[in-house]
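Contents: one structure, followed by commentary.
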Amino acid sequence: MKPLGAIILLLVTIDKCHSANILAISPFGGKSHYIIIERLLKTLAARGHEVDTVSHFPTKHPTPRYNDISVRGLLPLMQNNLTLDKVQEMSILECLQLVAKIAGVEPCKAVLNSKVAQYLKNTTKKYDLLITHYFGTNCMLGFGHLFSVPTVAVITSPSLPWISPAIGLPDNPAYIPNIFTSFLPKMSIGERVWNTVAYVLSIISFELFSNKQCNTIAKQFFGPQLPDLDDLLNNISLVLVNSHFSINQARPAVPNFVEVAGLHIDENTTLTKHFERSLNTDEEGIIYLSFGSMVMTESFNKEVLRAFFNTFKNLPYKVLWKASPEKFPSDLQPPSNIQFESWMPQMEILCHPNVKLFVSHGGMLGTSEAIYCGVPILGIPIFGDQVFNIRRYVEKEIAIEMPYKEINEEKLTAAIKSLLYNPKYKFNMKKVSELFKDRPASALETAIYWIEYVIKYQGAPHLRSIAADLSWSLGRYHSAKVGPEEKSLRITYNFWEPIDYRSS
Ligand SMILES: *[C@@H]1O[C@H](CO)[C@@H](O)[C@H](O)[C@H]1NC(C)=O
Ligand SMILES: *[C@@H]1O[C@H](CO)[C@@H](O)[C@H](O)[C@H]1NC(C)=O
Ligand SMILES: *[C@@H]1O[C@H](CO)[C@@H](O)[C@H](O)[C@H]1NC(C)=O
Ligand SMILES: *[C@@H]1O[C@H](CO)[C@@H](O)[C@H](O)[C@H]1NC(C)=O
């Protein structure tokens, strides 16, 4: 063989060794959640891994080695059709029940009863890793067991209470607010008591409303030999979570719990000609308004829309508003300084120097982009983690919160004028933005590093804290249920055999 040929062959085989077969499953039908994961998976594919992706959102821009396995149509998607009257004020318990239903039992049932799941059960393909979007169910962890591979969970919100005991994550309710409350880390004694109740309630209701049913569904599909889903969660290798101490809070963490807020942020994109033009204005600047991919601003109350229109009419700013104007009530006339678009490249717009304010529902995706770009936020939280997020930004004086119910022209004008003309908001936002970006590696690089680390060290059990074995779960005792045959499936801790240097 010629030397050059040998070298090329060598390079190719080296590449083969380092590329893994990854199975990724995102059972939940929320578009904004998937955007975060898609960027991660596409980057893994670009790095040479073969990524089979089960999701409701097949890509519009196919790239090599990113293989869509669509489950679209199995579940109603939460995309542009969540109207406000559907999202009333909910108690914590109702909220937990809703999460357990729409992000837990329903996706579990839909995916495991699909042809795709049958195909995966049948396939002879060998995988090296399972990556799953982790939200309201442990169901998909069954695939990790099926293929005997390590599992990585990606949480697209700040951390969820029910994962803490499973990985031994310190989650002391005295100073770590539960995501289903909207407390700030510095809680009063009463708030701490309530936060503790919320913590226990979250774990109990996850067990009762989601895990119990999912266990049955999973055992029907994978077979009765499947360990309890709790045990599979307990065996998880890595948790990537959409939070960061610069915008959430400093908290103790185990090594396999890694904060990667900003994962979806792609600083290397350019604006299309159309939006380049839209962002040029003779006015004082641009106000960007978007309520994300799930909520329709068109469904806002007429009085609220009127308040918005009147406020914007009297401001020397151009407004870019994500909506389809023909869906507004016909007797409302939007002022001429508002330009409506049904879709906008959010990140590129927010980072444009003319953009001075972001009016948002406070989702993690949009607000972390605004923080990245240094744009103050007017937060109108609608549901989920949005109040939780906005309160943190209000405390840092980079945002103002405006409850939807309180919106009127006067209050809206006052809030927007403060954000635009009081320099403290921009100043603080610039500072927070710097802290958010100043990391040893970007969020995406960090996530990739740890995922490849888990592949390289076959699950990296040395990252796992022994505290994970102290976990309590409802309805059974851990040690009682794990029989000898199950025990042998569990990971061993002496992964690193002591090396005897003298003998080599
Ligand atoms: C969204 O639309 C789909 C299909 O049009 C529908 O089945 C689903 O119930 C809607 N979801 C909500 C929350 O309205
Ligand atoms: C599973 O594999 C068997 C044999 O290889 C094949 O006959 C069957 O059609 C497969 N089922 C599915 C759902 O792919
Ligand atoms: C962004 O683009 C520059 C120049 O093209 C390149 O050097 C850099 O690696 C890119 N960054 C990312 C994160 O892709
Ligand atoms: C636990 O995880 C390891 C990899 O980290 C995997 O090989 C093993 O199959 C998992 N155990 C079970 C019971 O799924």
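Order of listing sets the numbers, starting from 1, for every ligand and every atom in it. Computed from heavy atoms alone, side chains included, the values below leave out hydrogens, waters and symmetry copies. The structure displayed is predicted, hence computed values, not measured ones.
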| remark: The side-chain hydrogen bond (donor to acceptor under 3.5 Å, both in side chains) partners of Ser243 (sequence neighbours excluded) come to Glu259
| field | Salt-bridge contact Arg65-Glu50 (side-chain N to carboxylate O under 4.0 Å) | value |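 No salt bridge links Arg65 with Glu50.
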| message | Run the ring pair (Phe, Tyr, Trp, His ring centres under 6.0 Å) test against Phe147 and tell me which residues pass, sequence neighbours left out. | response | Tyr127
| Which bit of Pro461 gets closer than 4.0 Å to ligand 4, counting heavy atoms only: side chain, backbone, both or neither? | neither
| said: One residue to check: Leu232. Relative to ligand 4, which of side chain, backbone, both or neither has a non-hydrogen atom less than 4.0 Å away? | reply: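 Side chain only.
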| request: Please determine, by modelled atom types, if Ser205 and Gln97 share a side-chain donor-acceptor pair under 3.5 angstrom. | output: no
| query | Of all the atoms in ligand 4, which lie at a distance below 4.0 Å from a heavy atom belonging to Ser148? | reply | 7 (O), 9 (O)
| Near Gly459, which atoms of ligand 4 are under 4.0 Å from a heavy atom of that residue? |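 By the 4.0 Å cutoff, the relevant atoms are 5 (O).
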| request: Indicate, with yes or no, if the rings of Phe143 and Phe222 have centres closer together than 6.0 Å. | output: yes
| query | Below 4.0 Å from any atom of ligand 4, is there a heavy atom belonging to Ser237? | reply | yes
